[in-house]
Number of protein chains: 2
Amino acid sequence: MKLSKKSDYALRAMIYLSMQYKKGAIQIKEISAKEKIPQKFLENILLVLRKVGILNSKIGLNGGYELARSPDLITLGEVIRALDGAIAPVDCVSKISYKPCSEEVTCVIRGVMLDIRNAITDVLDRMTFADMCSRVKDSMEKKETGVLTYTI
Amino acid sequence: MKLSKKSDYALRAMIYLSMQYKKGAIQIKEISAKEKIPQKFLENILLVLRKVGILNSKIGLNGGYELARSPDLITLGEVIRALDGAIAPVDCVSKISYKPCSEEVTCVIRGVMLDIRNAITDVLDRMTFADMCSRVKDSMEKKETGVLTYTI
DNA sequence: TATAAATCCTACAAGAATAGTAGATAATTA
DNA sequence: TAATTATCTACTATTCTTGTAGGATTTATA
């Protein structure tokens with residue numbers, strides 16, 4: 001039940017890009033430095049996100065990445081699925097990599113796993129990067145009043 | 001976010017043993033055959049469950065395993081933690097293998113992961129093997145009326 | 001048009017985790 | 001005593017994770 005490093009990095013990069021939405025292309029190098037993510041690894045991650053249509057890219061000098069849609073139209077679930085595949089704990093309750101188990105109809109474990117899948121996707125498929133930005137801004141405000149420090 | 005084969009097998013074996021609670025020791029060989037779990041692999045799994053106090057064992061002729069407590073006092077969460085470790089998607093929101101991340105207090109990803117952890121443990125730490133037995137029996141009844149077949 | 005800067009793409013590699021196997025030992029019962 | 005059953009440690013094969021390497025391609029700008 002673990003979030004992969006890949007997805008973790010992807011979420012951080014996505015939040016970073018969401019915070020800069022509509023401010024032009026941001027380069028891998030910048031994200032990598034600011035978020036302390038190995039640059040070459042991040043390259044692969046952003047490439048995937050572009051291929052599934054979450055990011056747009058611009059090649060060449062002053063190129064970089066930007067969100068393909070508004071942050072409120074991209075959910076954490078979409079990003080995690082793009083990188084790690086299914087969110088469901090077992091394939092027989094997965095939407096995107098569904099495989100029937102031997103006795104699916106009556107398997108009592110399946111029932112529980114379905115509950116868990118729904119609980120997880122309830123969070124991940126509702127939460128957008130716009131929401132994440134709000135949270136970051138909340139943290140930043142608290143920082144100004146001396147309460148907290150901000151981190152993605 | 002995957003349930004390991006180990007935990008899957010463990011749950012099946014535990015349900016099997018719960019269905020036979022108070023009927024004496026059940027042998028690995030029987031569980032392995034009925035639930036189609038590699039015997040040697042199951043051996044290791046049941047050994048772990050005994051060491052954490054979920055099962056009792058009896059060595060020798062007519063030996064075997066049985067629940068150490070009533071099925072309504074054992075949760076799925078306890079079993080999964082025994083075999084796979086933490087249920088939390090990241091260590092900084094885990095109870096049993098907690099490790100702080102760099103900027104824990106304000107990390108906005110941590111907030112989401114905490115929600116997910118709570119959603120998962122809400123299901124797994126409430127659901128007991130007595131509940132699972134009820135579900136199995138429900139399935140069996142439906143089978144008798146021709147509606148369903150029963151499987152763990 | 002040359003050059004530098006950026007993404008694109010494929011392949012590779014080390015290490016860890018997963019899934020399962022092997023075989024000898026110890027305890028118990030009949 | 002013989003058969004049976006769990007105990008224990010270690011090993012292995014495969015897959016997944018977490019990266020790294022290096023060249024190809026595209027673009028802006030001087």
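The chains referred to below are lettered A, B, ... by the order of the sequence lines, with proteins before strands, and numbering in each begins at 1.
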Rounded distance (Å) that lies between atom [atom2] of [N] and atom [atom1] of [X]:
X: B:L46; N: D:dT7; atom1: CG; atom2: C1'; value: 12 Å
X: B:I45; N: D:dC8; atom1: CD1; atom2: P; value: 16 Å
X: B:I26; N: D:dT4; atom1: CD1; atom2: C1'; value: 16 Å

May I have all residue pairs that pass ring-ring contact (aromatic ring centres under 6.0 Å, His included) and include part of residues 29-52 of chain A, sequence neighbours excluded?
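Listed once each, the pairs are A:Y9-A:F41.
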Which pairs with one or both residues in residues 72-96 of chain A pass ring-ring contact (aromatic ring centres under 6.0 Å, His included), sequence neighbours excluded?
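Residue pairs passing ring-ring contact (aromatic ring centres under 6.0 Å, His included), neighbours aside: none found.
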Just jot down the ring pair (Phe, Tyr, Trp, His ring centres under 6.0 Å) partners of B:Y21, sequence neighbours excluded, or say none.
none
Output a table of donor-acceptor pairs, distance under 3.5 Å, between side-chain atoms of residues 76-90 of chain A and any protein atom two or more places apart or on a different chain; print 'none' if there are none.
residue	atom	partner	partner atom	Å
A:E78	OE1	A:R69	NH2	2.6
A:E78	OE2	A:R69	NH2	2.7
A:R81	NH1	A:D125	OD1	3.0
A:R81	NH2	A:D125	OD2	3.0
A:D84	OD1	A:S4	OG	2.8
A:D84	OD1	A:S7	OG	3.4
A:D84	OD2	A:S4	OG	2.7
A:D84	OD2	A:S7	OG	2.9

Every protein N/O within reach of nucleotides 14-17 of chain D N/O, cut-off under 3.5 Å:
none

Check this one for me: any side-chain N or O of B:S57 less than 4.0 Å away from OP1 or OP2 of D:dT5?
no
Would you say the side-chain atoms of B:R117 pair up with the backbone N or O of B:M113, donor to acceptor, closer than 3.5 Å?
no
Are the side chain of A:S32 and the backbone N or O of A:I37 linked by a donor-acceptor pair below 3.5 Å?
yes
Under the salt bridge (Lys or Arg N to Asp or Glu O under 4.0 Å) rule, collect the residues that match up with [X], sequence neighbours excluded.
X: B:E30; answer: none
X: A:K40; answer: A:E43
X: B:D72; answer: none

Once each nucleotide of nucleotides 20-29 of chain D is scored for protein heavy atoms under 4.0 Å, what B/S/- sequence comes out, 5' to 3'?
BBB---BBSS
For A:T75, all residues meeting side-chain hydrogen bond (donor to acceptor under 3.5 Å, both in side chains), sequence neighbours excluded:
none
Please work out if B:K2 contacts a base, only the sugar-phosphate, or nothing of the nucleic acid, heavy-atom cut-off 4.0 Å.
nothing
Anything under 3.5 Å between a donor and an acceptor, one on a side chain of residues 48-67 of chain B, the other on a protein residue two or more places apart or in another chain? List them.
none

Taking heavy atoms of chain B and a 4.0 Å limit, find me the 5'-most and 3'-most nucleotide of DNA chain C within that range.
C:dA19 to C:dA30
